[in-house]
2 protein chains.
Amino acid sequence: MTERPAYGADDTHEPAPRWLTDEEQRTWRAYLHATTLLEDHLDRLLQRDAGMPHIYYGLLVHLSEAPRRRMRMTDLAEGLKITRSRLSHAVARLEKSGWVRREECPSDKRGQLAVLTDEGFAMLSRTAPGHVEAVRGALFDRLTPEQVTQLGDICRTIATGLQPECGDLPWRR
Amino acid sequence: MTERPAYGADDTHEPAPRWLTDEEQRTWRAYLHATTLLEDHLDRLLQRDAGMPHIYYGLLVHLSEAPRRRMRMTDLAEGLKITRSRLSHAVARLEKSGWVRREECPSDKRGQLAVLTDEGFAMLSRTAPGHVEAVRGALFDRLTPEQVTQLGDICRTIATGLQPECGDLPWRR
DNA sequence: GTGAAGTGCTTGAGACTTCAAATAAAGCTC
DNA sequence: GAGCTTTATTTGAAGTCTCAAGCACTTCAC
């Protein structure tokens with residue numbers, strides 16, 4: 001994607017782009033393939049077993065772990081690393097399915113709480129084992145324990161660098 | 001997502017699910033956060049600079065490297081790890097923008113070739129340096145060379161396990 | 001308090017993805 | 001070479017995501 005290309009004819013006076021090395025390039029493509037395939041795979045499985053894409057499923061899991069199984073919309077969006085708008089649409093959809101319910105926030109009249117319903121909880125109970133197996137089968141059963149540690153470190157580094165609050169670093173242009 | 005949960009009440013006679021360990025769980029969440037944030041980040045940048053999501057950009061790059069800058073639809077879909085249907089829609093959109101053109105396949109009348117236009121090539125030349133910088137800034141400049149190697153190995157392992165042809169392994173249920 | 005600015009959340013339109021169904025051309029078998 | 005199956009691709013509808021407004025409430029400063 002970001003390779004030292006045949007294009008990028010360097011007759012401008014821009015500073016020469018630091019193209020990716022061969023290894024970086026191979027790694028980048030492997031990353032794109034792995035993440036594309038894994039997301040598709042999990043989406044397909046959860047669509048079949050729970051009738052929703054896996055980000056929606058993650059939303060329900062997140063709620064299930066919150067005190068009283070409810071959270072402010074903004075906190076939920078931050079926890080899931082998605083925009084409020086996307087969350088709003090997602091909750092609307094999950095509300096229609098009956099897995100989530102909205103409640104007014106007592107302390108702030110602008111606020112809304114997303115609440116996991118009993119039906120939602122029951123659905124998680126049913127589908128969680130299958131989902132764990134899918135994640136294991138695609139990821140953890142294929143990696144060595146060292147690789148799991150490495151992947152965790154790498155992902156934390158990437159995620160940290162992309163948190164919204166780091167929004168105006170130079171490479172964000 | 002796939003944790004040892006409060007739900008999953010184990011009063012059934014199913015085999016006990018192998019819940020994720022703490023470290024696996026942390027790694028899994030870090031993975032989800034990193035991939036979500038990185039995809040959003042690159043999408044936003046490329047939407048701004050090239051007017052398309054980064055998978056479409058990847059499509060153009062892939063074409064730019066092919067002999068005569070053209071490829072059969074099916075090969076392109078496989079190379080990008082996306083479905084033919086998605087590719088079909090994507091090419092239709094890129095055709096409207098003028099970056100890609102379709103051609104009949106001489107050897108197989110069912111076939112179509114996606115061809116990168118000169119305008120598409122020029123657009124890549126313009127935007128590639130910025131895109132490399134974005135990928136570097138978010139990923140390679142933050143990882144050690146060892147981590148880049150590790151990430152490559154890990155992603156290749158994941159991707160290999162999810163190739164379409166491995167479609168009927170037990171954990172795919 | 002009152003107005004200005006900020007925060008929390010939703011909405012609608014347009015773009016993208018998925019899934020299932022449709023078309024058209026190969027290839028295979030008798 | 002006539003059917004049957006398979007392969008290559010497209011289409012349309014339904015669902016999801018993004019972006020830019022929009023509305024309602026809160027906070028801050030005077």
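We name chains A, B, ... by the order of the sequence lines, and we start the count at 1 in each one.
For A/Glu95 and A/Arg101, the salt-bridge test fails: no basic side-chain N is under 4.0 Å from an acidic carboxylate O. Between B/Glu104 and B/Lys109 there is no salt bridge, since none of the side-chain N atoms of the basic residue sits less than 4.0 Å from a carboxylate O of the acidic one. Taking the charged nitrogens against the carboxylate oxygens, A/Arg29 and B/Glu65 do have a contact shorter than 4.0 Å, which makes a salt bridge.
Rounded to whole Å, the distance from CG on B/Leu46 to C1' on D/dT18 is 15 Å. Between B/Glu104 atom CD and C/dT23 atom C1' there is a gap of 14 Å when expressed in whole angstrom units.
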Checklist outcome for this item: With sugar-phosphate taken as primed atoms, P, OP1 and OP2 and all else as base, the protein-contact string of nucleotides 15-22 of chain C at under 4.0 Å (heavy atoms; B, S, -) is -SBBBB--
Checklist entry - What string of B, S and - do you get for nucleotides 2-7 of chain C 5' to 3' if you count protein non-hydrogen atoms under 4.0 Å? => result ----BB
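For D/dT9, neither phosphate oxygen OP1 nor OP2 lies less than 4.0 angstrom from any side-chain nitrogen or oxygen of B/Arg102.
Residues B/Arg18 and A/Val132 come closest through the heavy atom pair O-CG1, 3.3 Å.
Here C/dG8 is the nucleotide among D/dT10, C/dT10, C/dG8 with the atom lying nearest to any side-chain atom of A/Arg72. Among the nucleotides D/dA8, D/dT10, C/dT11, the one closest to any side-chain atom of B/Gln112 is D/dT10.
Without hydrogens or angle criteria, A/Asp43 side chain to A/Pro53 main chain gives no donor-acceptor distance under 3.5 Å.
Under 3.5 Å, the side chains of A/Glu23 and B/Thr149 contain a donor-acceptor pair of N or O atoms.
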